[in-house]
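Atoms within a ligand are numbered from 1 in the order they appear, just like the ligands themselves. The first residue of the sequence shown is numbered 1, and numbering continues consecutively from there. Since the model is a prediction, treat every value here as computed from it, not as a measurement.
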Amino acid sequence: MPSTHEHHHFNSTCVHAGYGDKECAENAHALAPPIYATSTFTFDSAADMRDTFSGKKEGYIYTRISNPTSSVAEARLAALDGTEAACVFASGIGSICATCYTFLKAGDHMIASSAIYGCTYAYMSHILPKFGVEVDFVDTTDMAAMEAAMKENTKIVFFEAVANPVCRLTDVRAVSDMVHAKNKDCLVVVDNTFTTSYVHRPMEHGADLVVYSLTKGMIGSGTALAGAVVGPASLLGPIRFEGLKDCTGAVCDARVSHALINGLKTLHVRIQRHGENCEKVVAHVAKKVGKGVDVLYCPSHPTSPYYEVSKKMLDGYCLVMAFELTGGFDAAEKFMDALKFCKRAVSLGDAETLVCAPAVSTHATYSPEARAKYGIAEGLVRISVGLEHADDIIADLEQAFVAAGVQ
Ligand SMILES: Cc1ncc(COP(=O)(O)O)c(C=O)c1O
């Protein structure tokens, strides 16, 4: 298993953590960690096999449990979030389901943010209740509502640090302190997909576990799906041996772990540029508020209700912003259809600027009533700001605004 990383600056951790001199020497001095394309591992003797299975001896057994390429990726992810351990999965949803199945049982209660990714919402609103788990959806930025929602049997509080799609920023410190004061065994689980560990590290603010859809900014090339849970070893053990091995089997292929390692090497450079481009796009859209744009959603903009919290929690802009068009879904459709350079697509954190209308795509799993209740407007447009030149992105958005009747 990879040795623990030495403490370096974040940028160096992106490049080196989990693959030091020892691992390099063990792998024919290959500069890049090799892909271990194997489902299973061999043992020197029956005793060796028995001791590895019983946990007396450390070693690889079968790739549904662990794999050396994935171990490098996991050590790097853990180091980036400043914690002990990580477990990679086949997708972000795989990592979320594995976490819930590991720590919840029938009769438990869970609080989930009312603004979350559509498939996470579908899982928590439709699937978990089938297993006897009660889930309440609450605005996690409303501390009074959060306190009122806590119950004796609340086992998990789940939210996205910056929420999909309305970029609502939850104060991780305030929520974690409140939750742990009421029930020290309740886990605060933060989905950090929108922000990545470059912009935000929830465990520094009191969270117990962090989950990722690595599919997005962490891999960054839009070429593979993957997910992860990061946190203390005491929690990651059960997640690996129950949530991954016995429950979901949502294993991250070693080839995808390799793509992830490559993506993480440039995380700091890419996310910095995404953020700079996002800031420019947000500044452009901000001028249109009240002139065809009803609301601008970006926690790092001074007009955001989350601006003060963002200064405490975020290192710069994240790569997603959103806005609500006064003309509702008709205007959103005109805006989307007029795009010539930006791509109409879901997902985020890729080099290409991706634009979607959440009401008919990422959040179509919410009923129209639930969308209205939770503030996901029909005229909402979400943009994952890419790595193209900011002027080219803004020029395309500008002509789309004109097509949608916004000056
Ligand atoms: C915030 C967030 N979490 C989780 C997911 C699910 O990730 P995946 O598609 O890798 O399963 C997504 C996907 O869009 C997301 O936006």
Side-chain angles (χ1 to χ4, degrees), residues 70 73 77 81 86-101 112-125 127-128 137 140 156 158-170 172 189-197 199-200 202 207 209-230 243-244 248-253 256-257 259-260 263 271 274 297 299 314 318-322 343-350 352 354-366 374 376 380 382-385:
S70 297
L77 288 170
D81 263 274
C87 185
V88 288
F89 286 85
S91 68
I93 287 294
S95 65
I96 292 167
C97 294
T99 304
C100 290
Y101 289 135
S113 168
S114 52
I116 42 175
Y117 170 55
C119 295
T120 311
Y121 175 75
Y123 169 65
M124 292 174 181
S125 61
I127 312 293
L128 279 178
F137 294 91
T140 49
I156 291 184
F158 177 94
F159 56 91
E160 295 166 359
V162 171
N164 191 352
V166 286
C167 299
R168 199 156 77 188
L169 175 65
T170 297
V172 180
V189 182
V190 180
D191 181 332
N192 200 30
T193 300
F194 265 39
T195 17
T196 79
S197 44
V199 170
H200 180 48
L209 286 168
V210 180
V211 298
Y212 286 101
S213 167
L214 302 168
T215 314
K216 314 296 184 329
M218 299 289 269
I219 292 181
S221 55
T223 52
L225 267 86
V229 188
V230 301
L244 175 64
T248 61
V251 178
C252 184
D253 188 87
V256 175
S257 291
L260 169 63
I271 303 299
H274 277 293
Y297 295 104
L314 306 185
C318 67
L319 51 86
V320 183
M321 57 85 63
K343 306 294 178 198
R344 285 172 288 273
V346 295
S347 205
L348 51 116
D350 295 336
E352 298 84 355
L354 307 178
V355 185
C356 71
V360 293
S361 55
T362 51
H363 291 70
T365 50
Y366 284 63
Y374 298 138
I376 302 165
L380 189 72
R382 189 191 82 181
I383 303 185
S384 166
V385 182

Exercise. When Phe158 is tested against each of Thr120, Thr99, Thr140 for side chain to side chain contact (heavy atoms under 4.5 Å, CB included), which residue passes?
Worked result: Thr120
Using a 3.5 Å cut-off on N/O to N/O, what pairs does ligand 1 make with the protein? A line per pair would be great.
residue	atom	partner	partner atom	Å
ligand 1	3 (N)	Asp191	OD2	2.6
ligand 1	7 (O)	Ser213	OG	3.0
ligand 1	10 (O)	Gly92	N	2.9
ligand 1	10 (O)	Ser213	OG	2.8
ligand 1	10 (O)	Thr215	OG1	2.6
ligand 1	11 (O)	Gly92	N	3.0
ligand 1	11 (O)	Ile93	N	2.9
ligand 1	14 (O)	Lys216	NZ	2.8
ligand 1	16 (O)	Asn164	ND2	3.0

For this session: Quick one: list whatever passes ring-ring contact (aromatic ring centres under 6.0 Å, His included) with Phe194, sequence neighbours left out.
Result: none
Under 3.5 Å, which donor-acceptor pairs link side chains of residues 160-168 to any protein atom two or more places apart or in another chain?
residue	atom	partner	partner atom	Å
Glu160	OE1	Asn164	N	2.7
Glu160	OE2	Tyr117	N	2.7
Asn164	OD1	Arg382	NH1	2.8
Arg168	NE	Asp139	OD1	3.4
Arg168	NH2	Ser113	OG	3.4
Arg168	NH2	Ser114	OG	3.0

Seminar exercise, completed: So the salt bridge (charged side-chain N to carboxylate O under 4.0 Å, His left out) pairs with at least one residue in residues 216-228 (sequence neighbours excluded) are none
Seminar exercise, completed: Here the gap from Leu128 atom CG to Cys97 atom SG, rounded to the nearest 0.5 Å, amounts to 7.5 Å
For this session: May I ask you to decide if the ring planes of Tyr366 and Tyr121 are parallel, tilted or perpendicular, using 30° and 60° as cut-offs?
Result: parallel
